[in-house]
S.K.: 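First, the structure itself, so that you have it in front of you.
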Amino acid sequence: MKFEEILICLDMHGCPNRCRHCWLGTTPNGNMPVSELAFAAEEFRPFTEGLQVYDWYREPDYPENYQELFAVCSRLSDRPGEHFELASFWRLVRDREYGKWLSSLGLKAVQLTLFGTAETTDFYVGRKGAYREILEAMDILIENKISPRIQVFVNRNNIGELGHIENLVRERELEARCRAFGGAFSCFLHQGSCDGENEKWYDAWITQEDLEKIPPFLEAYTLRHFGKETLTDVFGRTEQALYEELIADSSTASYVSQSPVFNIDKDFNVYPNISTPAPHWCLGNLKRDGAGAVLENYAESRSAAQHTRLTVPLCEIVKARGDRGGRGLFSREDYIELMLNRYCREMGK
């Protein structure tokens, strides 16, 4: 059993936030020693031609020794380590060297997430003062010639606050300030995938009628970011339309890839990076079972979610857990994952 590439992500220190939209969940933080990176790497290395190692899957650079961890991950990886365009705004406002370090790595943009006003953003991030820190982080990024990329999660509860986001972008002159150092500001709206914490907002999911409430200013930014022509292309189709299509689809599917990504929680439980880390996705425990058994479970689709998707016709899953009259907007794949997660939880009972 050999994979072309394996990417492993350890949730070594967790996250300072408890975001009410996070598809990765809000599990307790851990405190793994640095040595566990080498342990995990050596477990997986015999099974791949190329291994990539990361010390996080929720919040990058959260611990004090973030530079050391990045260097260790780079040494343990089979190709140069890459810092994704994600960063810790929590650390940006507490460590002035952090912005300089990100710039030294060649980062051109960093994504920041807003939900509306200060009160609303603090609520969804799950921490008082988060909105103020995000605004401060924008300025720190620009000081270091890194463009902020503003992501806005939208549902029916906060769609009325999009005018606040438009005013913020205009008043802070974010596009002009980025252009001044040769950067490119971007901003986009979406509803996110309906799993993890975000699934709890299913009843407030955005509808086709809600799209008319999106300000043209933010619509233009969103279409540009996704390279789409209409907001429907971004937000997807109604559950009703997807339900009618999928109840006629008797296909099954495998989630097995030759270049899988695995999330490893603080207790060393391993999950494929497909949907929220939940019991029905668990492939085993790295400490108890070892990487060989975990990868065999993955390759043979033995997690409850993988097995269900491989053996139960899609039409049965959707009929059992879908809403024929649902008005929320979803992409096809996100809707299938929502149905699969619901189905597996119900079967688990």
S.K.: Salt bridge or not for Lys100 and Glu97, using N-O below 4.0 Å?
M.R.: yes

S.K.: Take Thr121 and Thr117 through the test side-chain contact (heavy atoms from CB on, under 4.5 Å) and record every step on the way to the result.
M.R.: CA-CA 6 Å; Thr121 297; Thr117 63; over 6 Å; no

S.K.: With under 30° as parallel and over 60° as perpendicular, where do the rings of Phe268 and Phe39 fit, or are they tilted in between?
M.R.: perpendicular

S.K.: Within the supplied structure, the quantity of interest is the number of heavy atoms (other residues, nucleotides, ligands) at a distance under 6.0 Å from Glu209 CD; does it exceed 12?
M.R.: yes

S.K.: Answer yes or no for Arg20 and Phe123: cation-pi contact, defined as NZ/CZ to six-membered ring centre under 6.0 Å and angle to ring axis within 45°.
M.R.: yes

S.K.: For Thr276 versus Gly25, what's the shortest heavy-atom pair and its separation?
M.R.: OG1-N, 4.4 Å

S.K.: Step by step, work out the ring pair (Phe, Tyr, Trp, His ring centres under 6.0 Å) result for Tyr124 and Trp201.
M.R.: CA-CA 11 Å; Tyr124 278 98; Trp201 302 106; 5.2 Å; yes

S.K.: Classify the angle between the aromatic ring planes of Phe226 and His190 as parallel (below 30°), tilted (30 to 60°) or perpendicular (above 60°).
M.R.: tilted

S.K.: Are Ser88 and Glu59 linked by a side-chain donor-acceptor pair shorter than 3.5 Å?
M.R.: yes

S.K.: Taking Glu49 for its side chain and Glu5 for its backbone only, find out whether a donor-acceptor pair lies under 3.5 Å.
M.R.: no

S.K.: Transitively linked via ILVMFWY side-chain contacts under 4.5 Å: Leu310 with Leu314?
M.R.: no

S.K.: Taking NZ, NE, NH1 and NH2 as the nitrogens, is one of them in Arg332 or Glu245 under 4.0 Å from a carboxylate oxygen of the other?
M.R.: yes

S.K.: Do Cys9 and Asn273 come within less than 4.5 Å of each other through their side chains, counting heavy atoms only?
M.R.: no

S.K.: Side chains of Leu10 and Ile8: does their closest heavy-atom pair fall under 4.5 Å?
M.R.: yes

S.K.: In sequence, state the C-alpha distance, the side-chain angles, and the governing distance for Ser303 and Gln306, and then conclude on side-chain hydrogen bond (donor to acceptor under 3.5 Å, both in side chains).
M.R.: CA-CA 5 Å; Ser303 73; Gln306 285 180 272; 3.1 Å; yes

S.K.: Do Arg172 and Leu135 make a side-chain contact, defined as non-hydrogen atoms from C-beta onward lying under 4.5 Å apart?
M.R.: yes

S.K.: Assess Arg342 against Tyr202: is NZ or CZ under 6.0 Å from the centre of the six-membered ring, and within 45 degrees of the ring's axis?
M.R.: yes

S.K.: Is the shortest distance from a Lys or Arg side-chain nitrogen in Lys287 or Asp267 to a carboxylate oxygen in the other one below 4.0 Å?
M.R.: no

S.K.: Answer yes or no: is there an ion pair linking Arg309 with Glu333, defined by an N-O contact shorter than 4.0 Å?
M.R.: no

S.K.: Taking the six-membered ring for Trp and the full ring for Phe, Tyr or His, determine whether the centres of Trp281 and Tyr298 are under 6.0 Å apart.
M.R.: no

S.K.: Which heavy atom of Ser250 sits nearest a heavy atom of Cys315, and at what distance?
M.R.: CA-SG, 3.9 Å

S.K.: Can you name the nearest heavy-atom pair linking Glu337 to Ile274, along with the distance?
M.R.: OE1-O, 3.3 Å

S.K.: Is Arg224 close enough and on-axis enough to Tyr221, meaning under 6.0 Å and within 45°, for cation-pi?
M.R.: yes

S.K.: Cation over ring, Arg149 on Phe185, under 6.0 Å and within 45°?
M.R.: no

S.K.: Is Asp11 salt-bridged to Arg58, cutoff N-O under 4.0 Å?
M.R.: yes

S.K.: Could you tell me whether a side-chain N or O of Asn285 sits under 3.5 Å from a main-chain N or O of Arg288, the two making a donor and an acceptor?
M.R.: yes

S.K.: Parallel, tilted or perpendicular, judged at 30° and 60°: which one describes the rings of Tyr98 and Trp101?
M.R.: parallel

S.K.: For Asp265 and Asn269, does a side-chain donor sit closer than 3.5 Å to a side-chain acceptor?
M.R.: yes

S.K.: Yes or no on side-chain contact (heavy atoms from CB on, under 4.5 Å) for Phe181 and Ile146, after CA distance, side-chain angles and deciding distance?
M.R.: CA-CA 9 Å; Phe181 63 81; Ile146 300 172; 5.8 Å; no

S.K.: May I ask you to check whether Ser275 and Asp195 show a side-chain donor-acceptor distance below 3.5 Å?
M.R.: yes

S.K.: Using salt bridge (Lys or Arg N to Asp or Glu O under 4.0 Å) as the criterion, list what pairs up with Arg127, not counting sequence neighbours.
M.R.: Glu133

S.K.: Is Glu64 atom CD crowded by more than 12 heavy atoms from other residues, nucleotides or ligands, each under 6.0 Å away?
M.R.: no

S.K.: Strictly distance-based, threshold 3.5 Å: is any side-chain N or O of Thr311 a donor or acceptor partner for the main-chain N or O of His307?
M.R.: yes

S.K.: Are Leu76 and Tyr57 grouped together when hydrophobic residues (ILVMFWY) are joined by side-chain heavy atoms under 4.5 angstrom apart?
M.R.: no

S.K.: Around atom CE of Met1, are there more than 12 heavy atoms of other residues, nucleotides or ligands at under 6.0 Å?
M.R.: yes

S.K.: Give a yes or no on whether Trp23 and Tyr335 share a hydrophobic cluster (residues Ile, Leu, Val, Met, Phe, Trp, Tyr; joining criterion: side-chain heavy atoms under 4.5 Å apart).
M.R.: no

S.K.: Below 4.5 Å, heavy atoms only, C-beta onward: do Phe115 and Glu161 meet side chain to side chain?
M.R.: no

S.K.: Ignoring hydrogens, what is the shortest heavy-atom contact between Phe44 and Ile6? Give both atom names and the distance.
M.R.: CD2-CG2, 4.1 Å

S.K.: Looking at His13 versus Tyr66, is the centre-to-centre ring distance below 6.0 Å?
M.R.: no

S.K.: Dump the intermediate steps for side-chain contact (heavy atoms from CB on, under 4.5 Å) on His83 and Leu105, then the final yes or no.
M.R.: CA-CA 8 Å; His83 198 296; Leu105 297 177; 3.9 Å; yes

S.K.: Please give me the minimum heavy-atom distance between Asn155 and Ala204, naming the atom from each residue.
M.R.: CB-O, 3.2 Å

S.K.: Using a strict 4.0 Å threshold on nitrogen-to-oxygen distance, state whether Arg324 and Glu244 make a salt bridge.
M.R.: yes

S.K.: Taking it one step at a time, do Ser77 and Ser74 satisfy side-chain hydrogen bond (donor to acceptor under 3.5 Å, both in side chains)?
M.R.: CA-CA 5 Å; Ser77 298; Ser74 295; over 6 Å; no

S.K.: With a 4.5 Å limit on heavy-atom distance, are the side chains of Cys15 and Cys22 in contact?
M.R.: no

S.K.: Less than 6.0 angstrom separating the ring centers of Phe153 and His21, yes or no?
M.R.: yes

S.K.: Kindly indicate whether the side chain of Asp249, heavy atoms from C-beta on, has any atom under 4.5 Å from the side chain of Val318.
M.R.: no

S.K.: Indicate yes or no: does Arg177 engage Asp139 in a salt bridge with an N to O separation below 4.0 Å.
M.R.: yes

S.K.: Can Val125 be reached from Trp56 by stepping across I, L, V, M, F, W or Y side chains whose heavy atoms are under 4.5 Å apart?
M.R.: no

S.K.: So Tyr54 and Leu37, do their side chains get closer than 4.5 Å, heavy atoms only?
M.R.: no

S.K.: Is there a side-chain contact between Phe188 and Leu218, using heavy atoms and a 4.5 Å cut-off?
M.R.: no

S.K.: Just wondering, are more than 12 heavy atoms of other shown residues or ligands nearer than 6.0 Å to NZ in Lys266?
M.R.: yes

S.K.: Give a yes or no on this: more than 12 heavy atoms of other residues, nucleotides or ligands lie within 6.0 Å of atom CD of Glu119.
M.R.: no

S.K.: Just by distance, with hydrogens left out, do Thr232 and Gln208 show a side-chain donor and acceptor under 3.5 Å apart?
M.R.: yes

S.K.: Compare every heavy atom of Ala184 with every heavy atom of Ser147, then report the nearest pair and how far apart it is.
M.R.: OG-N, 3.2 Å

S.K.: Tell me whether Leu231 shares a hydrophobic cluster with Ile159, the cluster being built from Ile, Leu, Val, Met, Phe, Trp, Tyr side chains joined at under 4.5 Å.
M.R.: yes

S.K.: For side-chain contact (heavy atoms from CB on, under 4.5 Å), just list the numbers for Thr207 and Thr238, CA-CA rounded to whole Å, side-chain angles, deciding distance to a tenth of an Å, and then say yes or no.
M.R.: CA-CA 7 Å; Thr207 68; Thr238 64; over 6 Å; no

S.K.: Would you say the rings of Trp90 and Tyr62 are close, in the sense that their centroids are separated by under 6.0 Å?
M.R.: yes

S.K.: Can you tell me if Glu239 uses its side chain to pair, donor with acceptor, with the backbone of Asp323 under 3.5 Å?
M.R.: yes

S.K.: Keeping the roles fixed (side chain from Glu43, backbone from Ala291), state whether a donor-acceptor pair exists under 3.5 Å.
M.R.: yes

